[in-house]
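Quick notes on the structure that follows.
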Amino acid sequence: MTLNGLLQKVRSYNQDGELLEILKKAYHFSSEAHCSQKRSEGSPYIKHPLAVASILADMKMDPASIAAGLLHDTIEDTGTTIEDIKGIFGKEIAFIVKSLTKLSQVEFKTKKEAQAENFRKMLLAMSQDVRVILIKFADRLHNMRTLQHLPENKQQRIAAETLEIYAPLANRLGIGWLRSELEDLSFKYLMPDLYEELVRKVAKRKEEQEGYLREVIDLINKKLKDEGLPGKVSGRIKHYYGIYQKMQQQRITFDQVHDVLGLRILTDTNANCYAILGLIHSLWTPIPGRFKDYIGVPKSNMYQSLHTTVIGPKGERVEFQIRTEEMHKIAEQGIASHWKYKEKGVIDEKSNKYISWLRDLVQVQKEMPDAVDFLEAVKGEVIPEVIYVFTPKGEIKEMPNGSTPVDFAYSVHTQVGHKCVGAKINGKIVPLRYKMKNGDTIEIITSQTHGPSRDWLKFVATQRAKTRIKQWIKSEERSQSVELGIRLLETELRKHNMSNALMKSDEILKAAKSLGLNSLEDLFVSVGFGKVSPHQVVNRLMPDKPVEEAETVKIRKPVQEQKGVSIKGIDDILYHTAKCCYPIPGDSLVGFVTIGKGVTIHRKDCPNLERLVVQDARLVDVEWQSTGDATALARLYVETIDQPGILANLSSLISSININISHLEANTSTQDRKGHITFIVEVKDISQFRTLIQKISQMEGVIRVKR
């Protein structure tokens with residue numbers, strides 16, 4: 001891509017000469033700012049912003065967006081300031097560039113915290129101007145397209161982040177082509193062997209079925225003409241990561257995936273979509289349960305289409321997607337397909353539907369100061385499919401799949417959620433853990449004397465509900481801990497014939513600060529939780545007596561537990577790793593303080609943390625330090641076809657990459673003739689474990705493998 005090539009692209013949809021001059025100015029400014037910099041592969045750095053601008057031009061973005069794309073790295077990577085950008089290019093472009101610039105002046109404890117805070121900054125800006133995220137998408141896409149030039153560990157980290165955050169977000173914003181490309185590129189670097197195998201298998205099936213699909217297309221074109229129905233029929237190929245996901249979710253092999261190749265029919269009106277559907281069903285037998293009407297009930301990302309699978313000629317399954325040209329444009333471009341700016345990034349009503357969920361999250365995040373929590377909340381919003389339920393007044397409400405009446409109650413109002421005691425679905429009382437279905441009419445029953453239950457965290461699906469419940473429980477537990485702490489301290493004071501008046505004195509505040517606590521309330525909470533003993537506090541109130549030796553004794557770790565975990569920089573403390581999630585080096589960790597037992601180390605994605613994380617006062621920061629050849633235990637589940645030699649082959653493979661098997665359990669299910677094997681293995685770190693998973697997933701006879 002060159003400047004002239006970029007300008008030619010933009011001229012194809014925008015002839016405004018004055019705006020094109022801004023692009024020239026932005027290009028020359030960026031080129032000068034980055035003149036001494038090189039990309040990883042050695043090319044001039046300006047190639048990257050130019051490629052980003054080109055992707056934005058392909059999306060037919062406005063010149064301000066493309067100019068910001070050319071300038072997006074100037075503040076972060078050069079001596080340019082935001083004032084320089086504002087002075088030359090104006091406030092609008094300066095706001096976008098600033099929103100895309102990482103928080104380099106702020107120090108963070110961990111990389112994850114830095115990533116989360118930068119992501120939060122970008123999303124908050126996106127809620128004001130959606131162009132911020134569209135430029136970030138273009139930036140990430142070009143980085144993924146050129147990922148081969150980076151070291152393998154960086155490839156893995158960037159690909160995982162893309163798959164976890166950016167691809168789902170692109171999907172939530174309805175940009176189908178972008179989501180597919182980001183997923184496939186991530187898949188390519190995270191599981192290269194499996195990716196290459198799928199590429200070969202898809203190419204082979206395409207070659208085998210091309211003639212067959214051509215016959216079906218010719219037949220449909222003839223029938224459409226006979227019926228006077230306008231329509232363009234074309235073949236489509238499911239993207240590779242989509243195939244992999246289907247194989248994993250349905251526990252099937254590639255040969256059992258029937259919609260690798262399919263047909264798409266584009267027509268002019270909604271009525272003709274249904275007419276063509278009727279024509280196809282009159283030609284071939286539809287497969288029950290395989291028809292989806294996303295025109296009548298669109299997806300949350302505005303996707304509309306009719307999907308059906310039929311038993312076509314020669315008994316082969318054929319999947320059809322039927323939609324209008326406008327629906328196809330929206331399915332591919334999403335929010336970028338019909339956004340129209342009034343001024344300074346204000347978007348039209350249609351586009352606003354794409355980010356209404358984000359606006360809600362922005363409100364919630366004011367009560368969620370932790371950036372990592374906010375990032376998890378975003379993930380929870382962008383990944384799930386949705387269902388549609390009705391209020392008693394007949395209003396339709398969109399909820400994530402798996403939502404319960406408690407989720408619905410919190411979506412109405414926080415107090416409705418807190419006071420929820422029951423629910424009626426379609427007029428009948430249901431349990432609060434009931435998972436709502438499409439078309440349900442729901443009525444919430446409340447009581448003013450009721451409050452949330454910790455058990456709700458085990459079944460609620462929405463981040464909003466989880467956050468509100470945790471906040472309420474944390475507040476209640478803190479209040480209870482304050483009361484308990486005061487009672488324990490007063491009892492201890494009486495034991496030493498000391499006055500309760502000390503509870504409000506400067507002396508006890510000094511004692512609190514000597515224990516690393518900033519206020520009396522923090523002191524009472526710590527005593528109530530058991531993190532500080534009343535005896536420790538009273539000792540500090542008795543200056544004529546030495547602090548007891550027991551206070552300073554550190555509990556030494558058993559030798560077998562020294563696996564390189566550092567807890568807030570303290571080495572000498574009792575800890576053990578949780579057997580529910582088997583954390584290993586490279587995992588994101590969290591420690592949970594248990595009175596009398598020290599610290600239990602969990603993975604941050606451990607499902608058991610749901611019931612522990614509300615007690616934030618008991619959580620501690622944990623890091624895994626490198627310790628040479630030390631290993632940690634990890635649990636691996638493998639589902640296989642039940643056939644002779646499969647267990648021996650698995651064991652041989654594991655041993656071949658120098659991984660020891662500490663324990664295994666194996667059994668078969670007689671109904672479906674599948675093997676279920678659980679290994680406990682000793683691995684050095686997450687990278688070695690991922691390699692193992694990848695190699696096992698490629699073995700013949702293996703259906704599914706997971707941690």
Side-chain angles (χ1 to χ4, degrees), residues 103 105-110 112-114 116-117 120 365-374 467 470-493 496 498-548 550-555 566-575 589-596 598-599 604 609 612-623:
L103 300 167
Q105 305 305 314
V106 182
E107 287 188 17
F108 298 102
K109 293 178 185 174
T110 63
K112 184 168 185 179
E113 185 185 340
E117 195 60 70
R120 174 161 69 172
Q365 77 92 31
K366 291 175 183 175
E367 302 166 29
M368 212 186 322
D370 190 301
V372 176
D373 287 346
F374 180 68
T467 301
K470 288 175 185 177
Q471 285 173 343
W472 190 89
I473 292 173
K474 185 177 177 181
S475 174
E476 284 295 299
E477 286 190 341
R478 188 172 178 86
S479 298
Q480 292 168 9
S481 295
V482 168
E483 291 176 15
L484 177 59
I486 290 172
R487 288 203 304 272
L488 290 170
L489 280 170
E490 286 177 343
T491 301
E492 190 69 21
L493 286 171
H496 292 80
M498 299 172 77
S499 170
N500 280 352
L502 283 168
M503 294 290 287
K504 297 179 181 178
S505 67
D506 289 341
E507 284 82 357
I508 198 167
L509 184 57
K510 287 178 185 175
K513 289 184 176 177
S514 72
L515 291 164
L517 302 164
N518 295 322
S519 67
L520 287 182
E521 185 176 315
D522 287 344
L523 174 65
F524 300 150
V525 168
S526 294
V527 172
F529 263 125
K531 295 179 86 174
V532 172
S533 75
H535 197 51
Q536 282 177 283
V537 181
V538 171
N539 273 342
R540 280 168 167 74
L541 293 172
M542 300 165 68
D544 54 321
K545 292 187 179 182
V547 176
E548 290 189 10
E551 278 189 53
T552 59
V553 173
K554 294 180 179 178
I555 303 172
S566 169
I567 301 163
K568 280 193 174 179
I570 301 170
D571 292 325
D572 297 324
I573 189 168
L574 179 70
Y575 75 86
L589 306 177
V590 66
F592 184 74
V593 179
T594 307
I595 298 170
V599 179
K604 278 195 176 176
L609 280 182
L612 304 176
V613 78
V614 293
Q615 304 177 31
D616 281 342
R618 297 183 181 219
L619 295 180
V620 293
D621 293 331
V622 177
E623 290 181 344

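Computed from a predicted structure; not experimentally measured.
- To the nearest 0.5 Å, the span separating CD1 on I486 from OG1 on T491 amounts to 11.5 Å.
- The CD1 atom of I473 sits 9.5 Å away from atom NZ of K470, with the distance rounded to the nearest 0.5 Å.
- Contact check for L493 versus M503: side-chain heavy atoms found under the 4.5 Å cut-off.
- Atom NZ of K510 is separated from atom CG of L515 by 14.5 Å, given to the nearest 0.5 angstrom.
- Expressed to the nearest 0.5 Å, how far CG of D522 lies from NZ of K513 amounts to 11.0 Å.
- In terms of heavy-atom proximity, S519 sits nearest to A512 at O-CB, 4.2 Å.
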Output, in order, the C-alpha distance, side-chain angles, deciding distance and verdict of side-chain contact (heavy atoms from CB on, under 4.5 Å) for V537 and E492. CA-CA 9 Å; V537 181; E492 190 69 21; over 6 Å; no
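- Across V482 and F524, no two heavy atoms sit closer than the pair O-CB, 3.9 Å.
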